[in-house]
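Chain identifiers are assigned alphabetically (A, B, ...) following the order of the sequence lines, protein sequences preceding nucleic acid strands; residue numbering begins at 1 within each chain.
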2 protein chains.
Amino acid sequence: MDLSNPLYKNQGIHVNIVLFTVNNGEIDVLLVKRNNQPFVGQWALPGGAVYNNEDTNDAMNRELFEKTGIKNIDAKVFSVFGNPNRAPQMRMLGIGYIAVIDKSAISFIRKSQKTDDADWFNIDEIPQLAYDHNEMVSKALEYLKQQVWQGGILKTLFPNGVTIPELYEVYSKILGQNLDRRNFRKKLLNDNILQDTEQVVKYKGKKSSKIYKII
Amino acid sequence: MDLSNPLYKNQGIHVNIVLFTVNNGEIDVLLVKRNNQPFVGQWALPGGAVYNNEDTNDAMNRELFEKTGIKNIDAKVFSVFGNPNRAPQMRMLGIGYIAVIDKSAISFIRKSQKTDDADWFNIDEIPQLAYDHNEMVSKALEYLKQQVWQGGILKTLFPNGVTIPELYEVYSKILGQNLDRRNFRKKLLNDNILQDTEQVVKYKGKKSSKIYKII
DNA sequence: TTTTATTTGCGTATTTCTTACGCATTGCAC
DNA sequence: GTGCAATGCGTAAGAAATACGCAAATAAAA
């Protein structure tokens, strides 16, 4: 590679994270409001440019922390966005990360110097976003649907235990269809990913239900 | 992003393709011999640096063509290699592409100005490669194993039709285990991905077998 | 207070998919 | 010819997915 060739100049790398959470059976995505050029004032996915001495995973966590105060997320790459014109100033390669976390485990979302606002948005009410971030969100959701049964990606969602009815809501919402509650329970218990904690929880208007830990 | 900040300077993007083919029931990977710095004289995956006005998919096909003469491969990103020190000169982000093609559909492999040699290597006899390309190959193979049953990735392997015994060899080799020939046939026919062509083919030493098209 | 509706949780029957394996036929090697 | 491996069809047992009945808990409506 000839470093003096202008064809190789002015390329950057963007990392962005589509951070999902589940709230009352609704799927939310974390967005931040941009306060600098380009796309000032528009909502966007948390993320930013990677330093030249920085691993992309580290960059993703650094940008997430800087813009929202959230630390150490174990996210996975779900896609790469390689269109050279996806950013206006210069070529920015886009790396899309995805994770699902427990919102209540985050004490607060920090609105840093770098953002005017940060908040969770229902997946059905996402505004027009900066860059190609709307496309990123929909691709991430597709990926989530494919991955939801083969585990892993939901482990961090309920660090303090979960009931089967709660999991039922999450799966139904992600997959966009109503599963049979009785067969859903059977499959989960059969898959040996739930550990009985001997505890129960009682929500208003419902029967009390057992709390499990996801292994 | 502050373009004058040295933290953002000297970043490049590498695309590399792990191009698999199947030969006599063996899995081969296409490698090229480097003839310029760094790693002169060492074998490597086809690929190279992305131009700043170029889509990454286009860059992958351009580099593949320049170095081997192979055109228009429909490859998928299987992983991103984001370690900032994976290339010696400067930070090069690595994008790993994967595809499986029919070797016989390629008239010849061109040894261009840019490479001293280009050849297929059996997956069990891959030499020490440039950069982190050995890791790329093994990650691509993992990805291939995961994806082999849910179709798509093998479609281009047999453009002129295929027999079930031929597919049996491919699947067995990729998955690294001997499947039951009779159940393998049943599953393929049941999955409705094979279209009977009413033709048969006869290989020396074997019974004649039906030719199917993969849909 | 009684009734009604909803939710959790367990059980059972049916169907579909996977796995194991028997066997006739073809074709090469000897 | 005999022997052996490959193709291709079939059947049976086992595992997994699906459909649905039903009892107990609970809250809200009558």
Side-chain angles (χ1 to χ4, degrees), chain A residues 22-26 145-151 154 157-158 160-215, chain B residues 22-26 145-151 157-158 160-214:
Chain A
V22 179
N23 196 19
N24 275 339
E26 295 292 311
K145 283 183 192 181
Q146 280 184 356
Q147 299 285 318
V148 73
W149 278 117
Q150 45 212 65
L154 292 183
L157 192 50
F158 300 101
N160 303 314
V162 64
T163 67
I164 291 179
E166 280 167 347
L167 278 174
Y168 173 82
E169 295 302 326
V170 176
Y171 277 69
S172 294
K173 199 72 202 177
I174 289 177
L175 296 172
Q177 56 187 299
N178 280 345
L179 312 164
D180 184 291
R181 298 186 113 92
R182 297 157 291 188
N183 293 330
F184 177 78
R185 162 187 309 278
K186 209 182 315 179
K187 183 164 184 182
L188 277 189
L189 293 175
N190 213 352
D191 283 356
N192 267 14
I193 51 164
L194 295 187
Q195 200 170 39
D196 199 332
T197 64
E198 312 271 326
Q199 293 172 288
V200 290
V201 66
K202 170 89 188 54
Y203 290 109
K204 185 172 158 58
K206 311 203 168 171
K207 277 180 68 173
S208 55
S209 45
K210 290 188 194 174
I211 301 181
Y212 296 88
K213 278 247 178 203
I214 303 180
I215 343 181
Chain B
V22 178
N23 196 21
N24 275 338
E26 294 292 311
K145 283 184 194 181
Q146 280 184 356
Q147 298 285 318
V148 73
W149 278 116
Q150 47 211 64
L157 231 192
F158 302 100
N160 303 314
V162 65
T163 68
I164 291 179
E166 281 167 346
L167 278 174
Y168 173 81
E169 295 302 328
V170 176
Y171 277 70
S172 294
K173 199 72 203 177
I174 290 177
L175 297 172
Q177 57 187 297
N178 281 344
L179 312 166
D180 184 291
R181 296 187 114 94
R182 296 158 291 187
N183 292 332
F184 178 78
R185 162 186 309 277
K186 209 183 315 177
K187 183 164 184 180
L188 276 190
L189 293 174
N190 213 353
D191 283 357
N192 268 14
I193 52 164
L194 296 186
Q195 200 169 39
D196 200 330
T197 64
E198 311 269 326
Q199 293 172 289
V200 291
V201 67
K202 170 87 188 56
Y203 291 109
K204 185 171 157 57
K206 310 203 168 170
K207 282 179 64 171
S208 56
S209 46
K210 290 188 192 171
I211 301 181
Y212 295 87
K213 279 246 176 203
I214 303 181

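Across residues 188-199 of chain A, not one residue has a non-hydrogen atom less than 4.0 Å from an atom of DNA chain C.
Put simply, the side chain of B/S172 never gets that close to the backbone of B/N178: no donor and acceptor are under 3.5 Å apart. At distances below 3.5 Å, not a single donor-acceptor pair connects side-chain atoms of B/D191 with backbone N or O atoms of B/I193. Using a distance-only test at 3.5 Å, with no hydrogens or angles considered, no donor-acceptor pair links the side chain of A/Y171 to the main chain of A/Q177. Checked by atom type and distance alone, the side chain of A/S208 never pairs as donor or acceptor with a backbone atom of A/V201 at under 3.5 Å. In this structure, A/E166 contributes its side chain and A/T163 its backbone to a donor-acceptor pair below 3.5 Å.
The shortest distance between side-chain heavy atoms of A/L188 and A/Y168 does not fall below 4.5 Å. Looking at A/I214 and A/L157, their side chains never come closer than 4.5 Å, going by heavy atoms from C-beta outward.
A straight line from CZ of A/R182 to C1' of C/dT14 spans 14 Å, rounded to a whole angstrom. At whole-Å resolution of the value, CG in A/N183 and P in C/dG9 are 15 Å apart. In this structure, OH of A/Y171 is placed 13 Å from P of D/dA17, rounded to the nearest angstrom. As rounded to whole Å, 11 Å separates atom P of D/dA6 from atom CG of B/N178. In this structure, B/Y168 places its OH atom 9 Å from P of D/dT7, rounding to the nearest Å. When the C1' atom of D/dT18 is taken as reference, atom CD of A/Q177 falls 13 Å away, rounded to whole Å. A straight line from CZ of B/R185 to P of C/dT18 spans 17 Å, rounded to a whole angstrom. One atom, CG of B/L179, and another, C1' of C/dA20, lie 14 Å apart when rounded to the nearest Å.
Side-chain atoms of B/K187 stay outside donor-acceptor range of the base of C/dT19, with no qualifying N/O pair under 3.5 Å.
Closest to the side chain of B/K186, from the set C/dT12, D/dT11, D/dT7, is D/dT11.
With values rounded to the nearest 0.5 angstrom, A/L189 atom CG is found 9.0 Å from A/D196 atom CG.
Toward the 5′ end of DNA chain D lies the nearest nucleotide of B/R181, the other residue of the pair B/R181 and A/D180 mapping further downstream.
Residue pairs that meet the salt bridge (charged side-chain N to carboxylate O under 4.0 Å, His left out) test with at least one member in residues 200-210 of chain B, sequence neighbours left out, do not exist here.
Heavy atoms of B/K210 sit under 4.0 angstrom from primed sugar atoms or phosphate atoms, though from no base atom.
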Each nucleotide of nucleotides 23-30 of chain D classed B (base within 4.0 Å of a protein heavy atom), S (only sugar-phosphate) or -, in 5' to 3' order, makes -BBSSS--
